[in-house]
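Read the structure below first, then the notes.
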Amino acid sequence: MQELLGILGSFVLFLGTLFLLLGGLGLFRMPDTFTRIQAGTKATTLGTLLTLVGAALIMPAWAIKLFLILVFVMFTNPLSSQYLARAAHRAGIKFRAHTDHLAEDGEDLA
Amino acid sequence: MSETGVPTRLFAVLLLLWLLLNATLSLESLVVGVVVAGIVAFFLSASLSYLSGYRFTPASLAATLGFLGYFLVELVKSNLAMATIVLQPRLPIDPAIVRIRTGLKNPTARLLLANAITLTPGTLSVELKGEWFYIHWVVATTNDIEETTRTIAAGFERYLEVMYG
């Protein structure tokens with residue numbers, strides 16, 4: 001049983017690192033700030049999730065703490081991404097987009 | 001909804017987190033947890049907690065499970081979609097910043113919606129302004145408000161409306 005969980009855990013862990021790798025590739029390939037933030041945020045969320053689940057399968061005693069880490073990552077990761085994106089837009093960086101409703105409406109720099 | 005129960009709820013959440021973190025019910029850790037959670041809940045009860053405004057009803061709990069399930073499915077779909085884009089040599093993206101409209105008033109519900117949008121298919125919340133959310137979309141198929149709202153937010157809003165009213 002223990003060994004079976006260990007093998008399953010290693011597999012899930014491997015899947016997680018695969019998504020993290022794809023996230024890295026996305027950061028490298030995407031053309032501008034926003035698309036890079038997108039590639040970074042999404043792939044790393046599922047990558048981290050799978051990595052933590054894999055670790056929990058290998059070391060079941062850590063499951064509760066790993067779950068807490070997961071909850072914190074899920075709440076903080078999108079927030080930091082949103083703030084980076086907002087700061088980038090306010091700083092007026094150039095980016096690729098066929099429509100920009102935010103620029104049309106104007107930003108409240110409150 | 002009245003906010004009278006907020007310190008109690010915050011206290012319960014903090015104590016639960018502390019106990020999970022310690023993974024033990026020994027007297028020392030319990031006493032420390034109760035004292036510290038009590039102090040924090042007493043002084044910071046006015047701050048935002050994920051449970052302020054949350055309705056404790058069976059329908060709401062069911063909606064919470066629905067929200068989590070829907071979210072996880074969307075998260076996996078989002079990652080697979082991003083993976084296929086990144087792996088294609090042509091990099092088929094068509095980005096835009098579009099606005100969507102939300103009927104949600106509760107700050108916690110809005111925060112959850114913005115977070116959920118950021119973590120799901122090709123969308124990233126850039127700015128929240130009143131009823132408008134501005135979303136960066138990697139493969140923007142339309143810039144019609146009704147349609148973007150339906151595609152991006154409606155799935156989550158359905159659950160959040162029940163959870164936070």
Side-chain angles (χ1 to χ4, degrees), chain A residues 18-19 21-35 37-39 41-47 49-50 61-65 67-68 71-72 74-90 95-108 110, chain B residues 16-24 50 68 71-72 75-89 91 93-100 111-112 114-130 132-140 142-145 148:
Chain A
L18 210 61
F19 275 106
L21 177 72
L22 284 174
L25 186 65
L27 277 182
F28 181 70
R29 291 206 65 200
M30 289 298 191
D32 62 35
T33 312
F34 293 111
T35 44
I37 292 175
Q38 293 244 29
T41 319
K42 274 158 250 284
T44 53
T45 314
L46 191 62
L49 194 152
L50 290 174
W62 295 355
I64 296 176
K65 279 179 195 171
F67 173 74
L68 276 184
V71 171
F72 287 129
M74 294 281 251
F75 281 127
T76 52
N77 188 342
L79 271 181
S80 55
S81 300
Q82 194 217 312
Y83 269 76
L84 282 173
R86 176 154 80 172
H89 197 277
R90 286 184 179 185
F95 62 100
R96 215 175 109 183
H98 63 72
T99 317
D100 185 355
H101 285 156
L102 184 52
E104 282 169 27
D105 292 0
E107 297 170 62
D108 301 326
Chain B
L16 182 70
L17 278 178
W18 170 256
L19 291 179
L20 285 176
L21 203 57
N22 280 285
T24 165
Y50 275 102
L68 287 175
F71 171 75
L72 284 176
L75 180 66
V76 173
K77 270 165 49 185
S78 145
N79 275 273
L80 293 177
M82 192 54 94
T84 49
I85 289 176
V86 167
L87 287 175
Q88 282 179 56
L91 205 64
I93 59 172
D94 186 19
I97 291 183
V98 295
R99 60 168 98 73
I100 64 165
L111 175 64
L112 282 175
N115 274 5
I117 288 173
T118 300
L119 288 176
T120 49
T123 49
L124 167 73
S125 312
V126 177
E127 180 82 275
L128 321 180
K129 228 161 56 171
W132 302 107
F133 280 26
Y134 295 85
I135 311 290
H136 181 268
W137 202 359
V138 169
V139 190
T142 171
N143 49 30
D144 174 70
I145 294 163
T148 51

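Order of the sequence lines sets the chain letters (A, B, ...), proteins ahead of strands, with each chain counted from 1. Quick caveat: nothing in here was measured; it's all calculated off a predicted structure.
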Measure the shortest side-chain to side-chain distance between [X] and [Y] over non-hydrogen atoms and say whether it is less than 4.5 angstrom.
X	Y	answer
A:Leu22	B:Asn79	no
B:His136	A:Ile37	no
B:Leu17	A:Val71	no

### Task
Find the one option among A:Ala85, A:Ala88, A:Ala87 whose heavy-atom pairs under 4.5 Å with chain B are most numerous.
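The option with the most such pairs is A:Ala85.
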### Query
With respect to chain B, which residue among A:Thr45, A:Asp32, A:Asn77 yields the maximal number of heavy-atom pairs within a distance under 4.5 Å?
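The option with the most such pairs is A:Thr45.
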Toward chain B, the part of [X] with a non-hydrogen atom under 4.5 Å:
X	answer
A:Leu50	neither
A:Leu46	both
A:Leu84	neither
A:Phe34	both

May I have the list of side-chain donor-acceptor pairs in residues 80-87 of chain B shorter than 3.5 Å, sequence neighbours left out?
residue : atom : partner : partner atom : Å
B:Thr84 : OG1  : B:Leu80 : O            : 3.2
B:Thr84 : OG1  : B:Ala81 : O            : 2.7

### Task
Let me know if B:Phe133 has heavy atoms under 4.5 Å from chain A in its side chain, its backbone, both or neither.
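When you check distances to chain A, no heavy atom of B:Phe133 falls under 4.5 Å.
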Spacing of [X] atom [atom1] and [Y] atom [atom2] [to the nearest 0.5 Å]:
X	Y	atom1	atom2	value
A:Met30	B:Leu91	CE	CG	5.5 Å
A:Met74	B:Leu72	CE	CG	5.5 Å
A:Thr35	B:Leu124	OG1	CG	10.0 Å

### Query
Any idea which heavy atoms bring B:Leu112 and A:Phe75 closest together, and the distance?
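Shortest heavy-atom contact: CD2-CE2, 3.7 Å.
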### Task
Please report the shortest heavy-atom distance between A:Gln82 and B:Ala114, naming the atom on each side.
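That closest heavy-atom pairing would be OE1-CB, 4.4 Å.
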### Task
For each of B:Ile93, B:Ile135, B:Val76, tally heavy-atom pairs with chain A at distances under 4.5 Å, and name the one with the top tally.
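Of B:Ile93, B:Ile135, B:Val76, B:Ile93 has the most heavy-atom pairs under 4.5 Å with chain A.
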### Message
For chain A, which candidate among B:Ile97, B:Leu20, B:Leu21 shows the most heavy-atom pairs at distances under 4.5 Å?
### Response
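Ranked by heavy-atom pairs under 4.5 Å with chain A, first place is B:Ile97.
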### Query
Is a side-chain donor or acceptor of A:Arg86 paired with a backbone partner of B:Leu128 at a separation under 3.5 angstrom?
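Judged by distance alone, no pair lies under 3.5 Å.
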